[in-house]
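Worksheet for the structure shown next.
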Amino acid sequence: MSILKRVESLRRDYSGEALNESGVNPDPMKQFEIWFEEAVKAEVPDPHAMVLATVSAGGDPSARVVLLRGVDSGGFTFYTNYGSRKASELSANSKAAVVFYWQELDRQIRAEGTVAKTDGDGSDRYFASRPRPSQVAAWASQQSGLLGGRKELEERFAEFQSRFKDLPVPRPENWGGLKLYPRSIEFWQGRPNRLHDRILYVREQDRWVIKRLAP
Ligand SMILES: Cc1cc2nc3c(=O)[nH]c(=O)nc-3n(C[C@H](O)[C@H](O)[C@H](O)COP(=O)(O)O)c2cc1C
């Protein structure tokens, strides 16, 4: 049998502990912090990796992984190239969704809302903290643009390495933070017999309302 045929029989039961309306924090961003800490403790690899979904002006969805680099009561920040496909889609339609999947804990978190650029100072600070080769790569890569071949990318990298030789690498203007401001956040806990817990927070006026969804 081909390995792909076997996909329909891959199956396991989920065994997480109960997640209850009364047990969760009334603020979903605080609940996120509690779960994030548990993911770090459980040694989930890349707990800060999230799938980001955007929609083109024509309504076509696309998704990719990005790394969460900041969280506060307002939302989730990540960094990217402002000329990339995701960033152009977001400038035409700021609505987006992110998903975290933490397999070791049988947990998923989904957030939906709108995305806006973060301020330049925060991006400067984060850019300055990155390893130098990553800083140079941000100059070399016109993210989502077409390349004639890998050589072209490596040549651009070498060019910028010599341009900034013995100098600090400044942040390119077209590289910086984007922040998702959620209007809804759902915490999913896998439970036995497919009777999973789904706790949904929805922003209504200026408060979070907590609901339970069927699994
Ligand atoms: C684990 C992982 C982490 C990534 N982190 C980022 C990130 O923080 N920012 C980013 O722009 N791309 C990141 N990428 C690359 C994106 O998935 C994607 O290839 C790139 O941003 C171009 O996407 P776009 O053409 O849809 O704009 C990451 C990919 C993986 C697999």
Side-chain angles (χ1 to χ4, degrees), residues 29 32-33 35-72 74-105 107-157 160 169-182 185:
M29 298 312 284
F32 179 83
E33 187 178 350
W35 270 27
F36 193 80
E37 193 176 0
E38 289 172 3
V40 171
K41 279 198 189 126
E43 298 183 4
V44 170
D46 292 345
H48 57 322
M50 56 186 188
V51 174
L52 165 75
T54 56
V55 183
S56 75
D60 296 309
S62 65
R64 77 290 288 150
V65 176
V66 292
L67 296 178
L68 177 70
R69 288 302 187 195
V71 191
D72 61 19
F76 303 99
T77 298
F78 58 94
Y79 291 90
T80 197
N81 184 306
Y82 291 146
S84 65
R85 174 176 174 188
K86 73 183 89 51
S88 350
E89 291 189 355
L90 287 165
S91 63
N93 178 352
S94 64
K95 290 185 181 153
V98 293
V99 185
F100 295 86
Y101 173 48
W102 296 330
Q103 189 245 305
E104 288 74 3
L105 295 171
R107 285 178 176 173
Q108 168 181 255
I109 301 176
R110 301 164 63 174
E112 291 157 27
T114 52
V115 172
K117 278 188 187 174
T118 59
D119 68 79
D121 290 350
S123 295
D124 285 342
R125 258 195 314 278
Y126 175 66
F127 189 79
S129 77
R130 302 181 81 209
R132 192 176 171 90
S134 310
Q135 294 176 333
V136 175
W139 282 88
S141 169
Q142 292 169 314
Q143 195 178 55
S144 317
L146 284 177
L147 283 170
R150 175 149 187 116
K151 193 157 166 272
E152 192 181 319
L153 181 64
E154 287 174 357
E155 281 170 2
R156 282 180 60 86
F157 186 79
F160 283 104
V169 183
R171 173 175 66 91
E173 252 183 36
N174 68 347
W175 189 99
L178 292 174
K179 183 170 179 180
L180 177 88
Y181 295 84
I185 307 187

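Both counts, for ligands and for their atoms, begin at 1 and track the order of listing. Below, all heavy atoms of this structure are taken into account, side chains as well, without hydrogens, waters or symmetry copies.
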Numbered atoms of ligand 1 (with element) below 4.0 Å of S144, judged on heavy atoms: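 Checking each atom against S144, I get 24 (P), 25 (O), 27 (O).
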What atoms of ligand 1 come closer than 4.0 angstrom to any heavy atom of S84?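 So the answer, numbered in order with elements, is 27 (O).
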Between K151 and E155, does any side-chain N to carboxylate O distance fall below 4.0 Å?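 Salt bridge between K151 and E155, a charged N being under 4.0 Å from a carboxylate O: yes.
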Any carboxylate oxygen within less than 4.0 angstrom of a Lys/Arg side-chain nitrogen, looking at E112 and K95?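 So E112 does not pair with K95 through a salt bridge.
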F76 vs F32, test: side-chain contact (heavy atoms from CB on, under 4.5 Å). Steps then yes/no. CA-CA 10 Å; F76 303 99; F32 179 83; 3.7 Å; yes
Any sub-3.5 Å donor-acceptor pair from E37's side-chain atoms to E33's backbone N or O?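 Not at all, since once roles are kept as given, no pair shorter than 3.5 Å links the two residues.
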Which bit of Q143 is near ligand 1, meaning a heavy atom under 4.0 Å away: side chain, backbone, both or neither?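 Answer for Q143: side chain.
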Give the contacting part of Y79 toward ligand 1: side chain, backbone, both or neither, where contact means a heavy-atom distance below 4.0 Å.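 Y79 to ligand 1: backbone contact only, side chain stays beyond 4.0 Å.
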Can you report which non-hydrogen protein atom sits closest to [atom], along with the distance?
atom: atom 6 (C) of ligand 1; value: V66 CA, 3.6 Å
atom: atom 8 (O) of ligand 1; value: L67 N, 3.0 Å
atom: atom 11 (O) of ligand 1; value: T80 OG1, 2.6 Å
atom: atom 2 (C) of ligand 1; value: V65 CG1, 3.6 Å

Consider every N or O of K86 and every N or O of ligand 1, then say whether any pair is closer than 3.5 Å.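 Such a contact does occur with ligand 1.
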Taking the six-membered ring of Y82, is the NZ or CZ of K117 close enough (under 6.0 Å from the centre) and on axis enough (within 45°)?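 Relative to the ring axis of Y82, which defines the angle, K117 lies inside both limits.
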Please indicate, with yes or no, if any protein heavy atom is found under 4.0 Å from atom 19 (O) of ligand 1?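 Protein heavy atom within 4.0 Å of atom 19 (O) of ligand 1: absent.
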Looking at residues at least two apart in the chain, or sitting in another chain, which of them share a side chain to side chain donor-acceptor pair (under 3.5 Å) with E154?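 In terms of side chain to side chain donor-acceptor pair (under 3.5 Å), with neighbours along the sequence ignored, E154 is linked to R150.
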What residue pairs, at least two apart or across chains, pass ring pair (Phe, Tyr, Trp, His ring centres under 6.0 Å) with a residue in residues 127-149?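 Of all non-adjacent pairs touching residues 127-149, those that pass ring pair (Phe, Tyr, Trp, His ring centres under 6.0 Å) are F127-W175, W139-F160, W139-F164.
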